[in-house]
Protein chains: 2
Amino acid sequence: MSTLEDLTKSLKQAGLRLTPQRLAICKLLVETDSHPTAAMIYESIRAQYPSLSLTTVYNTLETLADLGVINVLGHSGDNTVHYDANITPHVHLACIACHKIIDVPSLHVAFLNDDISAVSGYKLLGARLIYYGLCPSCQKRNYQ
Amino acid sequence: MSTLEDLTKSLKQAGLRLTPQRLAICKLLVETDSHPTAAMIYESIRAQYPSLSLTTVYNTLETLADLGVINVLGHSGDNTVHYDANITPHVHLACIACHKIIDVPSLHVAFLNDDISAVSGYKLLGARLIYYGLCPSCQKRNYQ
DNA sequence: TATCTAGTTATAATCATTACAAATTTGGAA
DNA sequence: TTCCAAATTTGTAATGATTATAACTAGATA
């Protein structure tokens with residue numbers, strides 16, 4: 001899990017400025033475990049920075065992803081991209097009913113990396129390991 | 001890997017018709033290993049069925065996904081959804097430069113399923129296990 | 001201060017996907 | 001066979017996430 005220092009340090013090391021907007025986005029990414037979308041980040045931060053532009057959110061997320069300090073997750077049926085400050089390989093669980101995405105606790109899959117790069121010759125940059133299904137509460141709701 | 005019979009049988013069992021459009025889409029999905037998008041499928045089949053509508057492609061893909069006989073892959077940086085008739089859990093490798101998606105050969109990850117459903121209580125319906133990076137030829141191209 | 005560059009903002013454009021209603025096709029009943 | 005209702009397809013328009021663009025702002029430097 002990346003810390004706020006990880007993100008800010010990598011911005012500085014790349015010669016980029018730590019603007020209030022970028023700092024707020026980094027803070028939110030590090031503090032949440034909800035794998036937010038650009039729109040969710042925008043809505044959260046707008047209260048403190050009313051002038052914030054959605055474009056800035058997208059730009060910052062792209063910058064952080066290019067630096068490799070956040071991960072870009074595919075969508076879970078809602079056609080929007082989710083972001084994750086946890087860049088260690090781990091499994092996500094997406095509920096197809098309520099569209100929440102959670103991490104699977106204590107399941108490390110780092111060993112997959114080695115297998116995959118050895119077999120394929122690819123230079124690996126990240127992973128999206130997403131299982132989808134019905135979370136316990138949506139299972140109940142469906143069978144009521 | 002689903003066969004053409006798997007797809008057509010599940011359509012019939014669900015009381016749905018096997019129209020020429022649906023048959024052509026199923027055939028293409030089963031015969032290709034390129035994880036096509038709706039647009040790619042549309043372009044491929046239009047030669048034989050000039051009246052084909054892109055809406056039909058989307059509808060058919062949604063139907064097959066709902067039946068659970070194809071998988072819906074998130075996008076690999078190109079903001080489009082890819083589809084896969086191989087519904088056994090396996091790892092995908094997406095190149096962030098040329099946007100091709102390949103399967104990682106001989107790497108079965110079925111054992112992950114059991115761990116995950118045991119730990120989480122989720123009812124699992126599918127998986128998208130995508131590693132992304134640079135394929136060998138795009139690595140060369142970048143360093144030229 | 002004047003200037004230069006990186007960053008932000010607002011707006012418009014793009015593009016994948018979905019919604020909708022009309023047209024067509026299908027399979028079954030008379 | 002003919003007709004009918006339902007399923008399916010089609011074309012068009014709407015939606016909504018993301019990206020492009022250009023004007024504006026702020027911070028650093030000379």
Side-chain angles (χ1 to χ4, degrees), chain A residues 7-8 10-26 28 35-67 70-83 96 99 101, chain B residues 7-8 10-26 28 35-67 70 72-83 94 96 99 101:
Chain A
L7 303 196
T8 57
S10 64
L11 281 171
K12 282 180 204 158
Q13 283 177 354
L16 302 170
R17 293 183 194 154
L18 189 58
T19 63
Q21 293 90 334
R22 285 180 176 163
L23 182 59
I25 293 167
C26 288
L28 190 140
H35 309 85
T37 66
M40 290 159 71
I41 295 170
Y42 174 65
E43 288 302 330
S44 299
I45 297 180
R46 215 147 64 113
Q48 306 143 39
Y49 297 90
S51 78
L52 181 71
S53 163
L54 184 55
T55 304
T56 297
V57 176
Y58 275 107
N59 288 342
T60 300
L61 290 169
E62 189 188 5
T63 300
L64 292 171
D66 286 347
L67 292 172
I70 67 171
N71 249 345
V72 182
L73 310 183
H75 54 73
S76 62
D78 58 354
N79 282 17
T80 58
V81 175
H82 294 246
Y83 296 86
I96 62 168
H99 291 150
I101 303 179
Chain B
L7 302 195
T8 58
S10 64
L11 280 171
K12 282 180 202 158
Q13 284 178 353
L16 301 169
R17 294 181 191 156
L18 189 59
T19 63
Q21 294 90 333
R22 283 180 177 163
L23 183 59
I25 293 168
C26 288
L28 191 140
H35 309 85
T37 65
M40 290 159 72
I41 295 169
Y42 174 64
E43 288 303 330
S44 298
I45 298 179
R46 215 147 65 114
Q48 307 143 42
Y49 297 90
S51 77
L52 182 71
S53 162
L54 184 55
T55 305
T56 298
V57 177
Y58 275 107
N59 288 342
T60 301
L61 290 169
E62 188 189 6
T63 300
L64 294 172
D66 286 347
L67 291 173
I70 66 170
V72 182
L73 311 183
H75 55 72
S76 62
D78 58 354
N79 281 17
T80 59
V81 174
H82 294 245
Y83 297 86
I96 62 166
H99 292 150
I101 303 179

Along DNA chain D (nearest heavy atom to each residue), the more 5'-positioned of Ala39(A) and Tyr42(B): Tyr42(B)
Qualifying salt bridge (Lys or Arg N to Asp or Glu O under 4.0 Å) pairs, either residue in residues 10-21 of chain B, two or more places apart: none
Pairs satisfying salt bridge (Lys or Arg N to Asp or Glu O under 4.0 Å), at least one member in residues 55-67 of chain B, at least two apart: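 Sorted pair list comes back empty.
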Say you draw a straight line from [atom1] of [X] to [atom2] of [Y]; how long is it, rounded to the nearest 0.5 Å?
X: Thr8(B); Y: Leu11(B); atom1: OG1; atom2: CG; value: 7.0 Å
X: Leu23(B); Y: Thr19(B); atom1: CG; atom2: OG1; value: 8.0 Å
X: Tyr83(A); Y: Thr37(A); atom1: OH; atom2: OG1; value: 8.5 Å
X: Leu54(B); Y: Asn59(B); atom1: CG; atom2: CG; value: 9.5 Å
X: Ser10(A); Y: Leu16(A); atom1: OG; atom2: CG; value: 8.5 Å
X: Leu7(A); Y: Ile70(A); atom1: CG; atom2: CD1; value: 8.0 Å

Rounded interatomic separation in angstrom, taking CG from Leu16(B) and C1' from dG27(C): 14 Å
Whole-Å distance separating the CD1 atom of Ile41(B) from the C1' atom of dT17(C): 14 Å
5′-ward residue of the pair Ala38(B)/Arg17(B) relative to DNA chain C: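 Closer to the 5' end of DNA chain C: Ala38(B).
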First-last contacting nucleotides on DNA chain D - partner chain B, under 4.0 angstrom, heavy atom: dA7(D) to dT18(D)
Within residues 18-25 of chain A: residues closer than 4.0 Å to DNA chain C (heavy atoms): Thr19(A), Gln21(A), Arg22(A)
Proximity to DNA chain C (any heavy atom under 4.0 Å), residues of residues 50-62 of chain A only: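 Within this stretch, Ser51(A), Leu52(A), Ser53(A), Thr55(A), Thr56(A) sit under 4.0 Å of the strand.
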Using residues 38-52 of chain A as the side-chain source, report each donor-acceptor pair under 3.5 Å to any protein atom, sequence neighbours left out, with the distance given to one decimal.
unit_1, atom_1, unit_2, atom_2, d
Tyr42(A), OH, Arg46(A), NH1, 3.4
Ser44(A), OG, Met40(A), O, 2.9

Expected output: side-chain His82(B) to main-chain His35(B) donor-acceptor under 3.5 Å: yes
